[in-house]
2 protein chains.
Amino acid sequence: MKLSARKLRILQAIIDDYIRSAEPVGSRTLAKKYELGISSATIRNEMSDLEEMGFLEQPHTSAGRVPSDKAYRLYVDKLMKVRSLDQREAEYIKETYESTIDQIEQIIFHTAEILSEVTNYTSLAMAPRLNKVMIRHIQLVQVDEELALLLIVTSSGILRDTLIRIPEGINNDYLSRVSNILNEQFRGKTIDQINTEEISSTWDKFLKNRKFLSSLLDILIQRFRESEKREVYLGGTTNIFNFPEYQDIIRAQSFLNLMEEKDLLYDILANSAEDGVWVSIGSENSYDELHDCSIVTATYSLEDRVLGTIGLIGPTRMEYSKAVSVMDYMGKALSRYLTKLYGR
Amino acid sequence: MKLSARKLRILQAIIDDYIRSAEPVGSRTLAKKYELGISSATIRNEMSDLEEMGFLEQPHTSAGRVPSDKAYRLYVDKLMKVRSLDQREAEYIKETYESTIDQIEQIIFHTAEILSEVTNYTSLAMAPRLNKVMIRHIQLVQVDEELALLLIVTSSGILRDTLIRIPEGINNDYLSRVSNILNEQFRGKTIDQINTEEISSTWDKFLKNRKFLSSLLDILIQRFRESEKREVYLGGTTNIFNFPEYQDIIRAQSFLNLMEEKDLLYDILANSAEDGVWVSIGSENSYDELHDCSIVTATYSLEDRVLGTIGLIGPTRMEYSKAVSVMDYMGKALSRYLTKLYGR
DNA sequence: GTTTAGCACTCAACAAAGGAGAGTGCTAAC
DNA sequence: GTTAGCACTCTCCTTTGTTGAGTGCTAAAC
């Protein structure tokens with residue numbers, strides 16, 4: 001069977017209506033509300049065809065029909081008109097960025113909050129993958145007799161540091177010699193590329209303070225490990241209660257429990273598109289728990305390195321056109337903002 | 001009317017039973033399950049008295065009875081036996097502390113997670129109030145031609161830092177002169193005690209780079225402001241679904257929404273006891289939204305300065321004896337751990 | 001004076017029964 | 001190919017009993 005223009009029009013009307021109302025759509029409603037120029041009986045016949053073709057589903061015999069995941073996919077790919085973002089919303093996003101602080105993690109966290117505010121969906125934001133970023137500078141700074149600070153600066157200005165205790169009798173000169181060696185070893189590499197054994201052997205130059213030096217290395221490595229931490233920030237988790245499909249306590253709970261599985265969420269974001277906006281609908285998701293959710297993601301970058309992904313999650317009956325336009329805008333705005341702050 | 005020993009025994013039995021079952025307790029159940037040595041009719045009479053005295057409430061005529069907030073208060077103050085913590089749980093807490101990282105905020109966050117794991121309640125943890133902590137050292141470190149790092153070390157080793165851009169032609173010497181001045185101004189003060197105007201006038205010594213210096217000051221002040229940030233970490237928010245009283249979607253939602261109001265939660269923690277464990281039951285809470293929750297808090301300290309508060313929140317039908325013992329243990333364990341890490 | 005057995009009464013919770021309403025599929029006519 | 005009409009289906013809601021746990025009261029027993 002072919003998807004005639006009329007069938008498409010009807011399908012579009014059903015999807016639009018269902019996205020708005022969350023109620024199965026019947027032929028009579030359709031005939032009355034949308035100016036399709038055909039009677040409900042004709043619509044019934046067409047709907048029957050659409051069901052046979054897998055675009056519609058019936059919760060039970062005497063209910064209206066509901067779009068299938070396949071229908072949403074068609075909608076997203078062909079039918080939907082992606083509006084560009086509302087002037088007011090774009091303005092709002094811009095403004096909030098201007099007033100934020102400059103720690104990269106905080107910016108991402110804040111981004112998640114804005115996303116959920118603007119869309120009323122639950123938002124996800126993956127912390128930047130700093131292990132893809134080059135180390136630019138490592139330095140030990142003496143704070144006082146007991147303490148020194150170990151600094152790691154990456155090529156994008158992102159910073160890690162740790163306060164460490166130093167043994168007695170170590171002075172600033174000594175620390176800067178150590179710094180130089182560390183720099184030789186690390187500079188220009190990404191965290192992924194570091195070879196710890198090689199470094200360890202370098203310490204042989206230093207006869208004294210072996211213990212201190214190797215603990216220093218431990219700390220460094222630990223800090224690098226942390227950068228690989230698969231952190232996900234969430235926004236608007238309780239927005240899910242706004243949707244009638246989550247009025248059921250069991251479903252709401254299982255959704256919220258899912259949102260606590262940061263590792264899984266991270267995987268979802270990490271496995272979405274490599275660049276740009278990406279939509280995954282219901283059963284397209286590789287995780288069972290998400291079979292009645294849809295996810296819209298966008299990547300964000302610093303200069304032209306993709307650092308991470310942000311996303312929205314909601315019922316399959318999602319306002320895709322809005323979600324896609326917001327994500328598109330947001331991914332770009334965030335990238336611009338990061339590049340402005342940390343780019344060269 | 002006097003609270004006879006028998007009335008107390010009955011009340012205790014009712015509270016114990018209700019805490020376990022969440023079902024109104026009837027006289028027959030009581031007579032059968034607990035060896036009180038009296039018949040259900042006698043218990044009925046006593047229960048009627050207890051209701052008159054305000055210790056019991058009846059959801060409706062033909063239901064059993066439920067302890068009132070007043071009863072829980074009596075229970076917490078007089079009746080309950082505070083067990084010391086289960087060996088296994090104490091062990092578990094100790095172990096997890098040993099494997100954590102050393103950023104103070106992370107430790108606190110992790111504490112919240114442990115708390116909710118051990119108790120199955122929702123946990124709260126207030127970030128440390130660093131504005132009560134003395135500034136020990138401020139330093140500017142040059143990273144390369146464009147960037148420098150501004151460091152603030154407090155008396156308890158807690159660190160804040162920011163990467164800043166420096167104007168051309170500024171060298172390390174210059175930065176260390178500036179550092180010295182900043183140190184003169186700030187060292188030994190708490191963040192609360194800083195007088196920004198006084199500092200601003202100090203810049204007059206420097207003819208060049210006024211703009212850089214004043215932006216530096218802005219950043220410093222901003223960082224201090226951040227330290228006053230009223231941050232609260234949560235653990236186990238979805239644990240609330242385990243309780244039958246939150247099977248109702250409206251109540252669950254309003255609870256979860258409440259948990260998003262970080263400012264309010266911060267206030268609650270900040271206004272609990274100044275030191276040690278504290279219990280607030282139902283209507284004792286000053287916020288309406290919490291009238292059917294109870295909160296158990298404990299403070300944590302570094303050396304002997306109280307830095308913040310951790311807490312548990314759950315239905316008034318809470319296992320107070322467990323909650324109190326866990327909070328007591330945890331407050332102390334956290335303080336010990338912080339002191340070990342950051343104390344002198 | 002307490003304690004207890006017995007009984008009438010109350011009320012929520014559950015289940016069954018009976019519309020009402022929305023929607024479908026089919027048929028026959030246009 | 002389109003449409004009106006009608007029988008049929010199925011959920012949802014309301015109504016109506018029924019059950020069971022629990023109470024309060026009274027009168028007898030201790």
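Since the structure is predicted, the reported quantities are computational estimates derived from the model, not experimental observations. In what follows, chains are A, B, ... by sequence order, proteins preceding strands, each numbered from 1. When reading the values below, keep in mind they use all heavy atoms of this one structure, side chains included, and skip hydrogens, waters and symmetry mates.
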Which atom pairs, one a donor and one an acceptor, fall under 3.5 Å between side chains of residues 84-91 of chain A and the rest of the protein, sequence neighbours left out?
{"unit_1": "A:Asp86", "atom_1": "OD1", "unit_2": "A:Arg88", "atom_2": "N", "d": "2.9"}
{"unit_1": "A:Glu89", "atom_1": "OE2", "unit_2": "A:Lys322", "atom_2": "NZ", "d": "2.9"}

* Nearest-Å distance, CD (B:Gln247) to P (C:dA13)? ->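 Checked: the CD to P distance equals 14 Å.
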* Qualifying residues under side-chain hydrogen bond (donor to acceptor under 3.5 Å, both in side chains), relative to B:Asn239, sequence neighbours excluded ->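 side-chain hydrogen bond (donor to acceptor under 3.5 Å, both in side chains) list for B:Asn239, sorted by chain: empty.
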* **Contact list for DNA chain C against residues 7-20 of chain B - heavy-atom distance below 4.0 Å** =>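 Within this stretch, nothing sits under 4.0 Å of the strand.
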* Return each pair, listed once, that meets side chain to side chain donor-acceptor pair (under 3.5 Å) where at least one residue sits in residues 309-321 of chain A; pairs must be two or more places apart or across chains. =>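 Listed by first then second residue: A:Glu245-A:Arg317, A:Ser294-A:Tyr320.
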* To do: Sort and list the pairs that fulfil side chain to side chain donor-acceptor pair (under 3.5 Å) and have at least one residue in residues 58-68 of chain B, not counting sequence neighbours.
  =>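 Side chain to side chain donor-acceptor pair (under 3.5 Å) check on residues 58-68 of chain B returns B:Glu51-B:Arg65.
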With sequence neighbours excluded, what pairs up with [X] under the ring pair (Phe, Tyr, Trp, His ring centres under 6.0 Å) test?
{"X": "A:Tyr121", "result": "A:Phe243"}
{"X": "A:Tyr246", "result": "A:Phe255"}
{"X": "B:Tyr233", "result": "B:Phe109"}

* In B/S/- notation, 5' to 3', how is nucleotides 16-23 of chain C contacted by protein heavy atoms closer than 4.0 Å? -> ------BS
* Excluding sequence neighbours, so at least two apart, what forms side-chain contact (heavy atoms from CB on, under 4.5 Å) with A:Asn45? ->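 Expected list: none.
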* To do: Could I get the full list of side-chain contact (heavy atoms from CB on, under 4.5 Å) partners for A:Asp17, not counting sequence neighbours?
  =>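 A:Asp17: side-chain contact (heavy atoms from CB on, under 4.5 Å) contacts with A:Arg20, A:Ser21, A:Val25, A:Lys33, A:Tyr34.
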* Is it true that atom CZ of A:Arg28 has more than 12 heavy atoms of other residues, nucleotides or ligands lying nearer than 6.0 Å? ->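 12 or below, so no.
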* Asked: Closest nucleotide of DNA chain C for B:Gly37 versus for A:Ser48: which of these residues is on the 5' side?
  ->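 Result of the comparison: B:Gly37.
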* OP1, OP2 of C:dT4 versus side-chain N and O of B:Thr42: anything below 4.0 Å? ->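 Answer is yes, contact under 4.0 Å.
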* **DNA chain D: 5'-most and 3'-most nucleotides touching chain A, 4.0 angstrom heavy-atom criterion** =>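 Nucleotide range in contact with chain A: D:dT2 to D:dT11.
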